[in-house]
Amino acid sequence: MLHIFVDADACPVKQEIYRVAGRCQLDVTLVANKGMRIPKERWIALQVVADGFDAADDWIVGHVQPHDIVVTADIPLARRCLQKGARVIGTTGKPFTENNIGQAVATRGLLSELREAGEITGGPPPLTKRDRSRFLQQLHNVIQSVRREHPLNFTG
């Protein structure tokens, strides 16, 4: 059954996920290191994990199935989920795929080195309306793609 997993602690597009998942009748599990408010819908669950390093990532990887959808900005988590056959979408709407994950990992490494050297001091820019729109469109496209490719695994 198609499921959406959300790396939820810092996810800025939770409302968009709820909107699309509700329309498509998909279950959503938010995975976080601390409690948070979620809508009281039977199809939305919150999984609070231990506060350890990568605990949320490990939980997601342990539960994700092929063709599930994972929403994360965490590149190492994206790579691990792709290896399990999941579809992965970044919070700006950029899909992570087998074709681009290597470049994303390399870019992450370079940016980390630049931050350590003091060359970069800020984080990513805040999401724009365009980013949110791109995310909504990409999430919809991925759901439709899975629906076409694996109709027996999709109940919504």
Side-chain angles (χ1 to χ4, degrees), residues 1-97 100-101 104-105 107-108 111-112 115 120-147 150-151 153-156:
M1 306 301 167
L2 181 59
H3 196 100
I4 299 174
F5 291 94
V6 182
D7 184 10
D9 281 318
C11 180
V13 290
K14 289 190 269 303
Q15 295 303 317
E16 289 81 356
I17 294 167
Y18 303 150
R19 194 162 88 203
V20 174
R23 188 174 60 234
C24 294
Q25 300 177 340
L26 297 176
D27 289 336
V28 174
T29 300
L30 295 103
V31 184
N33 295 108
K34 61 187 180 299
M36 63 180 61
R37 289 174 156 289
I38 63 170
K40 292 183 187 228
E41 300 287 349
R42 64 160 189 74
W43 47 271
I44 301 175
L46 174 62
Q47 178 65 46
V48 178
V49 298
D51 209 15
F53 183 73
D54 282 345
D57 297 5
D58 292 343
W59 193 95
I60 291 170
V61 171
H63 289 81
V64 73
Q65 298 294 312
H67 317 298
D68 281 343
I69 299 168
V70 176
V71 177
T72 186
D74 183 319
I75 294 168
L77 173 58
R79 172 181 258 172
R80 291 174 68 192
C81 291
L82 286 170
Q83 290 169 344
K84 298 250 342 217
R87 308 286 181 100
V88 185
I89 305 170
T91 55
T92 61
K94 180 179 179 181
F96 291 105
T97 67
N100 70 13
I101 194 67
V105 169
T107 300
R108 177 183 180 270
L111 292 175
S112 179
R115 275 191 296 278
I120 298 177
T121 56
L127 285 185
T128 64
K129 285 183 180 182
R130 185 176 187 169
D131 293 329
R132 290 181 189 281
S133 177
R134 182 175 43 243
F135 176 82
L136 282 166
Q137 184 63 47
Q138 186 63 35
L139 182 56
H140 178 77
N141 289 348
V142 169
I143 291 168
Q144 295 309 315
S145 172
V146 172
R147 206 180 240 173
H150 306 281
N153 293 338
F154 189 75
T155 60

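In what follows, residues are counted from 1 in the order of the sequence shown. All values derive from a computational prediction rather than experimental measurement.
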- Message: Before you tell me yes or no, could you show the steps for L136 and V20 under side-chain contact (heavy atoms from CB on, under 4.5 Å), namely the whole-Å CA-CA distance, both residues' side-chain angles and the distance that decides it to 0.1 Å?
- Response: CA-CA 7 Å; L136 282 166; V20 174; 3.5 Å; yes
- How far apart are the closest heavy atoms of V13 and T91, and which atoms are they? CG1-O, 3.5 Å
- Task: First locate atom CD1 of I75, then atom CZ of F96, and finally report the distance between them rounded to the nearest 0.5 Å.
- Result: 5.0 Å
- Query: Are any of the side-chain heavy atoms of R134 and Q137 separated by less than 4.5 Å?
  - Reply: no
- Main-chain N/O of H3 paired to D68 side chain as donor or acceptor, under 3.5 Å: yes
Which atom pairs, donor and acceptor, lie under 3.5 Å between side-chain atoms of residues 37-62 and protein residues at least two apart or in another chain?
residue : atom : partner : partner atom : Å
D58     : OD1  : R80     : NH1          : 2.9
D58     : OD1  : R80     : NH2          : 3.0

- I4 vs L139 side-chain heavy atoms within contact, under 4.5 Å: yes
- Taking the side chain from D131 and the backbone from T128, do they hold a donor-acceptor pair closer than 3.5 Å? yes
- Task: Nearest 0.5 Å please: distance from the NE2 atom of H63 over to the SG atom of C81.
- Result: 12.5 Å
- Query: If you measure from CG on L26 to OH on Y18, what distance do you get to the nearest 0.5 Å?
  - Reply: 14.5 Å
- Query: Just wondering, do R132 and Q15 contact through their side chains at under 4.5 Å, heavy atoms?
  - Reply: no
- F135 and L127, any side-chain heavy atoms less than 4.5 Å apart: no
- Task: Supply the atom-to-atom distance H67 NE2 to I143 CD1, rounded to the nearest 0.5 angstrom.
- Result: 15.0 Å
- Query: Minimum heavy-atom separation for D74 to P76, with atom names?
  - Reply: OD1-CD, 2.9 Å
- Message: Going by the rule side chain to side chain contact (heavy atoms under 4.5 Å, CB included), which residues pair with S145 if we only count those two or more places apart in sequence or in a different chain?
- Response: R87, R148, E149
- Query: What are the two closest non-hydrogen atoms of R147 and C24, and how far apart are they?
  - Reply: NH2-O, 4.0 Å
- Task: With sequence neighbours left out, write down each residue that passes side-chain hydrogen bond (donor to acceptor under 3.5 Å, both in side chains) with Q65, or none if nothing qualifies.
- Result: none
- Name of the residue among V28, I69, L30 meeting side chain to side chain contact (heavy atoms under 4.5 Å, CB included) with I17: V28
- Message: Pair M36, D9 - check side-chain contact (heavy atoms from CB on, under 4.5 Å), show working.
- Response: CA-CA 9 Å; M36 63 180 61; D9 281 318; 4.3 Å; yes
- Message: Run the side-chain contact (heavy atoms from CB on, under 4.5 Å) test on V31 and T29 for me, step by step, so that the C-alpha distance in whole Å, both residues' side-chain angles and the decisive distance to 0.1 Å come before the verdict.
- Response: CA-CA 6 Å; V31 184; T29 300; 4.1 Å; yes
